[in-house]
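To start, the structure under review is shown below, and the notes come after it.
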Amino acid sequence: MLLPQLDDGITLLDVEGGRGVPILQSLVLDHLLLHDGPAFWVDANGHATTTTLAQIAPSQRLLNRIHVARGFTVYQHYGAICDLPTVVNKAIQSSTADSGAAGRRAPSRDEGTSPHTPALIVAPAVDAQYRVDDTLGETHAKTLQARTLARLATYAEGYDIPVLVTRNERNEFTESIATVADHHLECEQTRMGPRVVGEDFETLVYPVDDGAYYQTTFAYWRQLLAARATQVGVEPTTPSTPTPEGVGTGVTADDETVATTADPLLDAWTATGTGGR
C-alpha cells in the first residue's frame with residue numbers, strides 16, 4: 001500500500017510545507033475506488049478544484065460521486081456543515097429512486113458499504129473561515145468551530161464512515177481539531193516526494209516499473225490511482241469531449257489541453273435561508 005487507509009472516525013491530515021491538495025485529493029479518490037457510495041465535500045480555500053481532480057482521477061466517472069459545497073464565509077461554511085444530513089438524505093432518495101442505474105451498477109467492492117449511503121466526508125482547511133472572519137470575536141470563533149467539529153464527529157459516528165479534515169496552521173486555535181481527531185496522518189515533503197506517516201502506516205518507497213524512485217508529481221498520483229483502479233476492476237478513462245459550458249482548462253494524461261466543466265462535480269448544494277452557496 002502506497003496510500004494509507006481511512007478508518008471510521010475523524011482523520012486529521014497535516015501536510016508540512018504547503019496545502020497538499022494532490023495528497024488530499026488522492027486519499028479521497030483512493031477511498032472511493034475501494035468503497036461504494038458518494039463523498040460529501042465541504043470546501044474551503046479551493047481544495048476541491050476540478051482541474052487537479054481531473055488530472056489525477058483514473059476515471060472521470062469517479063468524480064460524479066463527489067458532492068461539493070463551498071463555504072466562502074464562516075456562516076456559509078457552518079451552514080453547509082449543518083445542512084449535510086439534509087443533502088445526504090436527498091442524495092439517498094435520488095440514488096435509490098434510480099432503479100435503472102442500480103440495475104447497471106457493478107458488484108460492490110466492499111460488502112460493508114452501500115452505493116447509496118455516504119462513503120466519506122471531507123472538510124479541508126476546517127479552521128480557515130473561523131480564524132479570518134472579522135465579524136467574530138475570538139471566543140465566538142472558537143465556539144462556532146467547536147460546533148462544526150462536534151457535528152463532524154456526530155456524522156462520522158452516525159454514518160460509520162471516515163471524515164477527513166485538514167487545518168491551515170498548527171497553533172492554539174487548531175488544537176481542538178487535533179483533540180477531536182480519532183486518527184492523525186502527517187505528510188512530510190522529502191526530496192523523493194511526500195512521505196505519509198500514521199498510526200499503522202508509513203510511506204517507505206515510490207517504485208516504478210524499472211525499480212527506480214519516482215518524484216511524486218501529479219503524474220505520480222495519476223499513475224498510482226490508475227493502478228488502484230485496475231486492481232479493483234475500474235477501467236481508467238480519459239476526459240470526454242468538453243461541452244460548451246466550460247469553466248476552465250485542464251490537461252489530460254496525454255498532455256492535451258481541454259476545457260473543463262462543472263459537470264464532474266455536483267457542485268455547491270444550496271438550501272433556503274443559508275445565504276446561498
[X] to [Y] - nearest heavy-atom pair and separation:
X      : Y      : result
Gln129 : Gly71  : NE2-O, 3.1 Å
Ile161 : Ala119 : CB-O, 3.8 Å
Pro4   : Val196 : CG-CG1, 3.9 Å
Gln60  : Ala54  : NE2-O, 3.6 Å
Leu32  : Pro38  : CD2-C, 4.4 Å
Val232 : Leu34  : CG1-CD2, 3.6 Å

Working to the nearest 0.5 angstrom, can you tell me the gap between [X] [atom1] and [Y] [atom2]?
X      : Y      : atom1 : atom2 : answer
Ile66  : Leu53  : CD1   : CG    : 5.0 Å
Ile121 : Thr11  : CD1   : OG1   : 12.0 Å
Leu225 : Leu3   : CG    : CG    : 6.5 Å
Ser59  : Arg65  : OG    : CZ    : 9.5 Å
Ile56  : Thr51  : CD1   : OG1   : 11.5 Å
Thr174 : Asn171 : OG1   : CG    : 4.0 Å

Is there a donor-acceptor contact under 3.5 Å from the side chain of [X] to the main chain of [Y]?
X      : Y      : answer
His183 : Asp8   : yes
Asp182 : Ile10  : yes
Asn89  : Pro85  : yes
Thr166 : Asp14  : no
Ser94  : Lys90  : no
Glu199 : His184 : yes
Arg195 : Cys187 : no

Taking the side chain as C-beta and beyond, is there a heavy-atom pair between [X] and [Y] under 4.5 Å?
X      : Y      : value
Lys142 : Phe173 : yes
Pro124 : Val165 : no
Gln25  : Trp41  : yes
Leu185 : Leu12  : no
Leu62  : Pro58  : yes
Gln76  : Arg70  : no
Val122 : Val42  : no

Legend entry - Qualifying ring pair (Phe, Tyr, Trp, His ring centres under 6.0 Å) pairs with a residue from residues 142-166, counting only residues at least two apart or across chains: none

Inset, instruction - Under the salt bridge (Lys or Arg N to Asp or Glu O under 4.0 Å) rule, what do Arg167 and Asp127 come out as? Steps first, then yes or no, please. - result: CA-CA 6 Å; Arg167 52 183 171 176; Asp127 60 311; over 6 Å; no

Legend entry - Steps toward side-chain contact (heavy atoms from CB on, under 4.5 Å) verdict (Leu6, Val28): CA-CA 9 Å; Leu6 297 178; Val28 172; 5.9 Å; no

Inset, instruction - Check whether the side chains of Ser95 and His116 place a donor and an acceptor atom closer than 3.5 Å, and report yes or no. - result: yes

Inset, instruction - Report yes or no: do Thr52 and Thr49 form a side-chain donor-acceptor pair below 3.5 Å? - result: yes

Inset, instruction - Kindly check if the number of other-residue, nucleotide or ligand heavy atoms within 6.0 Å of CZ (Arg147) is above 12? - result: no

Inset, instruction - Step through the shown structure and confirm whether more than 12 heavy atoms of other residues, nucleotides or ligands are within 6.0 Å of CD on Glu16. - result: yes

Inset, instruction - Would you sort out whether Leu120 and His35 count as a side-chain contact (heavy atoms from CB on, under 4.5 Å), showing the intermediate values? - result: CA-CA 9 Å; Leu120 176 68; His35 300 82; over 6 Å; no

Legend entry - Tyr78 and Gln145: CA distance, side-chain angles, deciding distance, side-chain contact (heavy atoms from CB on, under 4.5 Å) verdict: CA-CA 8 Å; Tyr78 181 66; Gln145 181 180 253; over 6 Å; no

Inset, instruction - In sequence, state the C-alpha distance, the side-chain angles, and the governing distance for Arg19 and Asn45, and then conclude on side-chain contact (heavy atoms from CB on, under 4.5 Å). - result: CA-CA 10 Å; Arg19 299 194 306 155; Asn45 287 9; 4.0 Å; yes

Inset, instruction - Give me the ring orientation class for Tyr130 and His77: parallel if the planes are under 30° apart, tilted from 30 to 60°, perpendicular past 60°. - result: perpendicular

